[in-house]
Amino acid sequence: MIKITEKNRSLVFLAATMIIGVLIVGVLILVENNDVQGVEIIDEQANTNFKDLENKIDILKNQNFDPNSYNTLATAIDASYEQGLINSSAKANLISNLTTVYSNLVYNRCEFYLTGNTMNTSTDVLNWLSQLESITSRNSSIDYYRGQINAYIYYSETLPNKVDSFISPGITNYNDTLYYSFKNEIDNMPKLQPKYRAKPLFNNIKTRLINELAQFNTDWATAGVPTE
């Protein structure tokens, strides 16, 4: 059995004191490091305009459509990244969000045009679709709206002009094949979706052209002019 002398007791007390001292210093260093890291995180969060850019994208949803809005915000996002205000992940997130919002705005303008609820021209909306294609690349939504707008133009402008050109020279220009071809195309307007061709505009066009073709056919039949 080890006999604890006064000298041994002093050594044990000294060793215990040193161990406790080392532990206290270690705890203080750990706390200090955590405090420093906390300050760094706070500073990093404070030195960013991510939320500001995110809010501007959200506001875009309810503003009057501006075809320059995409480039304006995309430039601001790029500038923020170059200045170190946002990291690459935040930049990608913002650009993706902006692209989605702007795409929906363009598609809404297309719908407004096709349903007759806008003063924009076909040239306007086709140009916006081309701009969007340069941003996102070609996709099914762009193809759909471009096709419908071109069909809208064809049935509202091109086809009526063709029928007028067929009728205007008189009965000597009558041709059975063209007559039935025009009549079928006017009746069905196959390239245009039903929800768009049901508009009063197309109903009026259909009624006018069918009546004019019917009268032309009657004039030819009563005149007894042979077809070509």
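Residue numbers run from 1 in the order of the sequence given.
Residues meeting the side-chain contact (heavy atoms from CB on, under 4.5 Å) test with Asn127, sequence neighbours left out: Thr123.
Note: Tyr174 and Phe216 meet the aromatic proximity criterion, with ring centroids under 6.0 Å apart. Between Phe166 and Tyr179, the distance separating the two ring centers is not shorter than 6.0 angstrom. Two rings, from Trp128 and Phe65, have their centers less than 6.0 Å apart.
Taking CZ from Arg109 and CD1 from Ile149, the interatomic distance works out to 11.5 Å, rounded to the nearest 0.5 Å. For the atom pair Tyr102 OH and Asp66 CG, the distance stands at 7.5 Å (nearest 0.5 Å). Put simply, OG on Ser181 and CG on Asn175 are 9.5 Å apart, with the number rounded to the nearest 0.5 Å. The OG atom of Ser103 lies 7.0 Å from the CD1 atom of Ile135; values are rounded to the nearest 0.5 Å. Summarising the geometry, atom CG belonging to Leu53 is positioned 12.0 Å from atom NZ belonging to Lys91; distances are rounded to the nearest 0.5 Å. Note: Asp219 CG to Ile167 CD1 = 9.5 Å, rounded to the nearest 0.5 Å.
Looking at Asn108, its side chain does come within 3.5 Å of a backbone N or O of Asn104 through a donor-acceptor pair. Judged by distance alone, the side chain of Thr48 and the main-chain N or O of Leu85 form a donor-acceptor pair under 3.5 Å. Panel note: side chain Asn55, backbone Lys51; a donor-acceptor pair is recorded below 3.5 Å. Judged by distance alone, with hydrogens and angles left aside, the side-chain atoms of Ser134 form a donor-acceptor pair with the main-chain N or O of Gln131 at under 3.5 Å.
Annotation: cation-pi pair Lys162/Phe182 absent, no NZ/CZ under 6.0 Å from the ring centroid and within 45° of its normal.
Taking the side chain as every heavy atom from C-beta outward, Leu126 and Ile153 approach each other to under 4.5 Å. Between Leu94 and Leu98 there is no side-chain heavy-atom pair separated by less than 4.5 Å. When side chains are defined from C-beta on, Gln148 does not count as touching Lys191, because their heavy atoms never get closer than 4.5 Å. Counting heavy atoms from C-beta on, the side chains of Tyr70 and Val101 never come closer than 4.5 Å. Considering only heavy atoms from C-beta on, Arg146 comes within 4.5 Å of Ser130 through its side chain.
Residues Tyr152 and Lys199 bring a donor and an acceptor atom of their side chains to less than 3.5 Å of each other. For the 3.5 Å distance criterion, the side chains of Glu185 and Tyr154 qualify, holding a donor opposite an acceptor. In the model, Ser89 has no side-chain atom that pairs as donor or acceptor with a side-chain atom of Asn87 under 3.5 Å. No side-chain N or O of Asp143 forms a donor-acceptor pair with one of Tyr145 less than 3.5 Å apart.
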Let me see the working for Asn184 and Asn188 under side-chain hydrogen bond (donor to acceptor under 3.5 Å, both in side chains), right down to the final yes or no.
CA-CA 6 Å; Asn184 180 63; Asn188 298 298; 2.9 Å; yes
Audit row: Thr136, Asn139, side-chain contact (heavy atoms from CB on, under 4.5 Å) steps and yes/no:
CA-CA 8 Å; Thr136 65; Asn139 60 54; 3.5 Å; yes
Apply side-chain hydrogen bond (donor to acceptor under 3.5 Å, both in side chains) to Thr121 and Asp124, showing your working.
CA-CA 5 Å; Thr121 66; Asp124 290 332; 3.2 Å; yes
What's the verdict on side-chain contact (heavy atoms from CB on, under 4.5 Å) for Arg197 and Lys206, showing C-alpha distance, side-chain angles and the deciding distance?
CA-CA 10 Å; Arg197 66 172 181 255; Lys206 180 183 295 187; 5.5 Å; no
Gln215 vs Trp220, test: side-chain contact (heavy atoms from CB on, under 4.5 Å). Steps then yes/no.
CA-CA 9 Å; Gln215 185 60 54; Trp220 166 80; over 6 Å; no
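Counting heavy-atom neighbours within 6.0 Å of Arg138 CZ, excluding the residue itself, gives a total of 12 or less. In the displayed structure, Tyr107 atom OH is contacted under 6.0 Å by more than 12 heavy atoms of other residues, nucleotides or ligands.
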